[in-house]
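What follows is a short report on a single structure.
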Protein chains: 2
Amino acid sequence: MTTHNEWPDLVALELLVSVAETGSIRQAAMVHHISQPAASVRIRGLESALQLRLVERHTTGARLTPDGLAVVGWADKVLAAMRALASGARALRLDEDSQLRLAASLTVAEYLLPTWLAPLYATTPAAVSLRMANSEEVAALFARDEVDLGFVEGASLPDGLQGRTVYRDELVVVVAPGHPWSKRRTPLTAAMLADAPLVSREPGSGTRQVLVHALARVGLAPTIAVELASTTAIKAAVGTGLGPAVLSRLAVAAELADRRLVAVPVTGLNLTRSIRAVWRARSELSAPARALLGAIAAKASVSG
Amino acid sequence: MTTHNEWPDLVALELLVSVAETGSIRQAAMVHHISQPAASVRIRGLESALQLRLVERHTTGARLTPDGLAVVGWADKVLAAMRALASGARALRLDEDSQLRLAASLTVAEYLLPTWLAPLYATTPAAVSLRMANSEEVAALFARDEVDLGFVEGASLPDGLQGRTVYRDELVVVVAPGHPWSKRRTPLTAAMLADAPLVSREPGSGTRQVLVHALARVGLAPTIAVELASTTAIKAAVGTGLGPAVLSRLAVAAELADRRLVAVPVTGLNLTRSIRAVWRARSELSAPARALLGAIAAKASVSG
DNA sequence: CCCTCGTTATAATCAACGCTTATGACTACG
DNA sequence: CGTAGTCATAAGCGTTGATTATAACGAGGG
């Protein structure tokens, strides 16, 4: 046989993600600068390779099936790994002082950092290595010179380090435009949010931890109806009316702007946390570290 | 332009990994059932796409350049993510009770579990979700029914759980056949190991933590000369004589068997740790959980 | 009630990529 | 000094994948 072990097509995975984001095969094709039939046949090829129905074709557009949403979750991780490879290779090629050693808490590393690193891939290439550590461990890592830039939550600033608050993360409840909640003017109560069947990341995700913690403070716990493996998949699921979700405002800024998703006000819950970048006092930041901080600042000013 | 954003070729990445493992383009081609010129042109295409020299061609074989080793580290992660996608898609297709929710300590999750999950991809497909948690947290996760199977280190067994020791991990010092240490009969001392420039994973890796801890017990610290992002890359680097490395015996079993690498005895250090699988008492294990335990047992009996 | 816009599927055509086989050059080893 | 192993190059060819044009279908507005 000619092809014994064929991998899923990377371009098809990208197209599938774009379909999840745009709700249309044609628009996904435009994003990737190919014709609509080309995108159609590629996605069809992916479906036949995986032997799964990923997309519900409708004459009004295309929606992802539940299987499709799950595949988008995995596809996001594949594409992230590939972007890391491309970025690292660029760094090697340009032979910059491109080592960027990061340390971050689990929550920052899992959810916020990927968002921040995305623009870095396009501009300043760097061989990024990431170490997970809590705030106390970060100080020890700096003492041993094992890290260039760290991210901590909370107010205390370890000795010998300087820092800057780079982000105040705010979680928002989002629903599809047709959802009953979408026209509310009176805020939701914490109890109403806790009782609603939510679409969420898996346990251990930073966003989910913040939600659980905020509800626990008022003696409640969330009701999780569906778990998906990536934020893109969750946004697509919410858009198809699967249910409300709680996501970082940063992650849904674009969808809120063009009303593909609607934010629902909530009262009686503190759904924020502040993140601070820290680095060695009396020390210059490396080029990629400065680029990362700049990218974070730019992103914050756009969305905030 | 026709191709604006082209991804690196996945098959070429696989070939590069195989070159790292076999030391020859031709043998890498045989692994993937293609002809030698096809493999050659594909790797050359990867080099031109990344604009990096990845492979040193020699008439006696092919060795990876330092850049090539780094790329192998990233490529391993891309391929792992892609295998997870393929495995998850298989699970969806067969519609099994294929949810397998795992909880493991950071060390187990980072190093041991990937090895254990690899055979699972080929046999019983499962949508694997992994949560990192220490031994105490694992008990809480079981209480909330958020996990099917856990992995803990240490001797104590939490209430309400049954368990089985699945692995006694042993780290070994490995060098290339030509290395001065390769013919030693008297074991190394801990001090000699600490002074040698090692090839290692990044800080935070489970294997590295065990090494650091074992040396710290006798008042020493390792000397890390080169950091690479995957075990495959480290094995290739050691094979080219870059220096000794400390790796799990499981990871180097094949290389030790055909003498591509040589194990060096060490004295005065405890480089072992035992890992125990735990699950709910008075409860049946799911099909994928049983498959995973079976795969672990099979792997242990082969390598031990 | 109909028309128009936007969406997806199908068909025909053509260019380009990638694999295979065959061959040559070079090196290490016995 | 020959043999076995390695990689590079060239020629031939099949297959894949892209484009354009067209048809069919549903929703929303006049």
Side-chain angles (χ1 to χ4, degrees), chain A residues 1-16 18-49 53-65 68 177-178 239-241 258-260, chain B residues 1-16 18-49 53-65 68 177-178 239-241 258-260:
Chain A
M1 64 192 77
T2 340
T3 59
H4 178 230
N5 185 21
E6 264 306 330
W7 288 111
D9 181 5
L10 276 176
V11 179
L13 294 181
E14 276 193 300
L15 282 168
L16 190 70
S18 294
V19 170
E21 288 169 346
T22 64
S24 147
I25 292 181
R26 178 170 195 276
Q27 290 177 41
M30 292 178 65
V31 169
H32 292 276
H33 309 98
I34 62 175
S35 68
Q36 172 262 319
S40 198
V41 67
R42 267 200 126 108
I43 291 181
R44 189 176 293 281
L46 180 64
E47 286 180 316
S48 107
R53 198 62 181 270
L54 303 176
V55 176
E56 262 183 32
R57 277 89 167 167
H58 216 230
T59 71
T60 165
R63 282 146 97 97
L64 293 194
T65 64
T240 65
D258 59 8
R259 307 272 308 164
R260 271 175 295 164
Chain B
M1 64 192 77
T2 340
T3 59
H4 178 228
N5 185 19
E6 265 304 333
W7 288 111
D9 180 6
L10 277 175
V11 179
L13 294 182
E14 276 193 300
L15 282 168
L16 190 69
S18 294
V19 169
E21 288 169 345
T22 64
S24 145
I25 293 180
R26 174 183 168 77
Q27 289 177 40
M30 293 178 65
V31 169
H32 293 276
H33 308 100
I34 62 176
S35 68
Q36 171 262 318
S40 197
V41 67
R42 267 199 125 109
I43 290 180
R44 188 174 293 280
L46 180 65
E47 286 181 315
S48 109
R53 200 61 183 270
L54 303 176
V55 176
E56 264 182 32
R57 278 88 167 167
H58 216 229
T59 69
T60 164
R63 285 147 96 97
L64 293 193
T65 65
T240 65
D258 59 8
R259 306 274 308 166
R260 270 175 295 164

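Just so it is clear, the structure is predicted and the values come from calculations on it, not from any experiment. Protein chains get the first letters and strands the later ones, always in sequence-line order, with residue 1 at the start of each. Just so you know, these numbers use all the heavy atoms, side chains as well, and skip hydrogens, waters and symmetry mates.
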- Message: Determine whether a donor-acceptor pair (N or O, by modelled atom type, separation under 3.5 Å) exists between the side chain of B:Glu47 and the backbone of B:Leu54.
- Response: yes

- side-chain contact (heavy atoms from CB on, under 4.5 Å) between B:Leu15 and B:Ile34, worked out: CA-CA 10 Å; B:Leu15 282 168; B:Ile34 62 176; 4.1 Å; yes

- Query: Rounded to the nearest Å, what distance is computed from the CD atom of residue B:Glu56 to the P atom of nucleotide D:dA8?
  - Reply: 13 Å

- In whole angstroms, how far is the P atom of D:dC7 from the CE atom of B:Met30? 12 Å

- Item | With B:Thr60 via side-chain contact (heavy atoms from CB on, under 4.5 Å) - residues at least two apart | B:His58

- Indicate for each nucleotide in nucleotides 4-10 of chain C, in 5' to 3' sequence, whether protein heavy atoms under 4.0 Å reach the base (B), only the sugar-phosphate (S), or nothing (-). --BBBBB

- Message: Do B:Leu16 and B:Leu64 make a side-chain contact, defined as non-hydrogen atoms from C-beta onward lying under 4.5 Å apart?
- Response: yes

- Query: In whole Å, what is the span from the CH2 atom of A:Trp7 to the C1' atom of C:dG18?
  - Reply: 20 Å

- Message: Looking at A:Arg57, I want to see if its CZ is surrounded by more than 12 non-hydrogen atoms of other residues, nucleotides or ligands under 6.0 Å.
- Response: yes

- Query: Atom CG of B:Leu46 and atom C1' of C:dG18: how far apart are they, to the nearest Å?
  - Reply: 16 Å

- Applying salt bridge (charged side-chain N to carboxylate O under 4.0 Å, His left out) to A:Glu21 and not counting sequence neighbours gives none

